[in-house]
Amino acid sequence: MKSISVKQALSIVFKQFEFKGLWQDAFGQPETAGFWYLGGAEKNGKTTFAMMLAKYLTGFGKVLYVSAEEGFSKDIIAAMVAAGLSDTDKNFKLLDYMPWDELNQKFESRKCPKIIFIDNTTVYRDEITRKMVLELKEKHKNKLIIFVSHEEKGLPDSALGNIWRKLSKIIIQAEGLKAIISGRCPGGTIHINEEKANLYWGTTIQNQEQ
């Protein structure tokens with residue numbers, strides 16, 4: 001492993017997404033590569049937000065969404081529609097479940113998009129080891145890979161989810177139809193469904209005060 005001087009380190013130019021508006025407020029100008037984590041309990045809006053984020057990222061390049069759990073189901077299509085995806089979004093591709101070995105080979109293709117969502121860790125929990133995650137990180141330094149994970153009590157429901165979360169630059173948690181963004185970014189919240197989120201969080205606050 002080579003070493004570099006302070007001058008060389010300070011001269012490195014990193015590729016960044018030029019986010020705007022509420023996306024910039026929460027995410028800043030994040031690097032175009034690395035690991036992100038998106039987690040949440042059932043029915044809290046994580047898949048819908050994943051689709052919202054995927055749609056936004058199509059403005060910066062091609063996006064591959066691996067729907068490993070839902071496949072091409074009615075629910076996944078509904079999440080796409082809720083996120084505003086339509087037949088005009090040519091940079092978005094939806095992929096059904098593939099065994100990890102085959103999926104990993106697809107990632108190595110020159111035609112593979114540089115932005116990848118994998119939904120979710122539960123499906124691949126018995127197929128991916130810690131070593132394989134580290135190899136993926138090393139092998140695909142030029143890609144942004146976002147892993148979606150089920151959570152229980154605010155934590156990933158699998159060892160794979162925990163590893164991915166620890167290695168992620170940006171962490172997104174979906175709770176009560178609101179995405180809470182943290183990590184190496186300004187941080188903040190983005191409503192997934194503002195009306196339902198206000199109802200959820202208003203009720204949560206009331207319960208805490210009682």
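Below, all heavy atoms of this structure are taken into account, side chains as well, without hydrogens, waters or symmetry copies.
- Looking at I118 and Y65, their side chains never come closer than 4.5 Å, going by heavy atoms from C-beta outward.
- The two residues A79 and T48 have their closest heavy-atom pair at CB-OG1, 4.1 Å.
- In this structure, E31 does not pair ionically with K15, as no charged nitrogen and carboxylate oxygen lie closer than 4.0 Å.
- Minimum heavy-atom separation, N44 to G176: OD1-N, 2.7 Å.
- In this pair, F19 and Y56 present their aromatic rings perpendicular. The plane angle is above 60°, beyond the 30 to 60° band.
- For the atom pair OG1 of T58 and CG of D89, the computed distance is 5.0 Å after rounding to the nearest 0.5 Å.
- A distance-only check finds a donor-acceptor pair linking the side chain of R125 to the backbone of D157 [under 3.5 Å].
- Within the 3.5 Å criterion, the main-chain N or O of D87 finds a donor-acceptor partner in the side chain of K90.
- Ring-plane geometry between F17 and W36 is classed as perpendicular, the angle between the planes exceeding 60 degrees on a 0 to 90 degree scale with a lower cut at 30.
- Listed here is the closest heavy atom pair of P186 and G28: CD-N, 3.4 Å.
- Cluster annotation: I172 and L22 are assigned to the same hydrophobic cluster (Ile/Leu/Val/Met/Phe/Trp/Tyr, side-chain heavy-atom contacts under 4.5 Å, transitive).
- Not a single donor-acceptor pair under 3.5 Å links the side chain of Q29 to the backbone N or O of Q16.
- By the 6.0 Å contact criterion, NZ on K62 is open, its count of non-hydrogen atoms from other residues, nucleotides or ligands being 12 or less.
- Around NZ of K93, the count of heavy atoms belonging to other residues, nucleotides or ligands within 6.0 Å does not exceed 12.
- Inter-residue side-chain proximity for L94 and M51 is flagged as met; some heavy-atom pair is nearer than 4.5 Å.
- One hydrophobic cluster holds both L85 and V63 under the rule that ILVMFWY side chains link at heavy-atom gaps under 4.5 Å.
- Of the candidates K137, K131, E138, K131 is the only one forming a side-chain contact (heavy atoms from CB on, under 4.5 Å) with E135.
- Between K114 and H140, the side chains place no donor N or O within less than 3.5 Å of an acceptor N or O (distance only, hydrogens not considered).
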Steps toward side chain to side chain contact (heavy atoms under 4.5 Å, CB included) verdict (L134, L167): CA-CA 9 Å; L134 295 174; L167 294 173; 3.9 Å; yes
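- Taking both residues in full, the closest heavy atoms of T32 and L144 are given as O-CB, 3.4 Å, listed atom of the first, atom of the second, then distance.
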Derivation of the salt bridge (charged side-chain N to carboxylate O under 4.0 Å, His left out) call for E108 and K139: CA-CA 9 Å; E108 293 177 10; K139 190 180 295 184; 3.1 Å; yes
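- Side-chain heavy atoms closer than 4.5 Å link hydrophobic residues (I, L, V, M, F, W, Y) into clusters, and following such links, possibly through other members, connects I146 to M52.
- P156 has its side chain out of reach of W164: every pair of non-hydrogen atoms, C-beta onward, lies at least 4.5 Å apart.
- With rounding to the nearest 0.5 angstrom, the OG atom of S149 is 9.5 Å from the CG atom of L38.
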Intermediate values then yes/no, side chain to side chain contact (heavy atoms under 4.5 Å, CB included), D119 and V66: CA-CA 6 Å; D119 187 357; V66 183; over 6 Å; no
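- If you chain together hydrophobic residues whose side chains sit under 4.5 Å apart, W23 and I170 fall into the same group.
- The shortest side-chain heavy-atom distance between D75 and S73 falls under the 4.5 Å cut-off.
- The two residues F72 and L95 come nearest to each other via the heavy atoms CE2-C, 3.9 Å.
- Minimum interatomic distance between Q8 and S11 (heavy atoms only, all atoms of both residues): O-OG, 2.8 Å.
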Residues I163, I128; criterion side chain to side chain contact (heavy atoms under 4.5 Å, CB included); working and verdict: CA-CA 11 Å; I163 293 167; I128 309 175; over 6 Å; no
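- Between F147 and W100, the ring planes lie parallel to each other; the angle is under 30°, not in the 30° to 60° tilted range.
- Q24 pairs by the side-chain hydrogen bond (donor to acceptor under 3.5 Å, both in side chains) definition with nothing, not counting sequence neighbours.
- To the nearest 0.5 Å, atom CG of residue L57 and atom CZ of residue F92 are 11.0 Å apart.
- Here the side chains of C112 and K143 are in contact, with some heavy-atom distance below 4.5 Å.
- To the nearest 0.5 Å, the span separating CG on D126 from OG1 on T129 amounts to 11.5 Å.
- Listed by chain and residue number, nothing satisfies the side-chain hydrogen bond (donor to acceptor under 3.5 Å, both in side chains) test with E18 (two or more places apart in sequence, or in another chain).
- In the hydrophobic cluster analysis, where Ile, Leu, Val, Met, Phe, Trp and Tyr join through side-chain heavy atoms closer than 4.5 angstrom, I115 is grouped apart from I171.
- Note that the OG1 atom of T122 and the CG atom of L160 stand 8.5 Å from one another [nearest 0.5 Å].
- Here the NE2-OG1 distance, from H150 to T121, works out to 7.0 Å after rounding to the nearest 0.5 Å.
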Audit row: K169, C185, side chain to side chain contact (heavy atoms under 4.5 Å, CB included) steps and yes/no: CA-CA 8 Å; K169 295 180 179 180; C185 61; over 6 Å; no
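- Between F117 and I145, the closest side-chain pair of non-hydrogen atoms is not below 4.5 Å.
- Between K178 and E175, none of the side-chain N atoms (NZ, or NE/NH1/NH2) sits under 4.0 Å from a carboxylate O, so this pair counts as no salt bridge.
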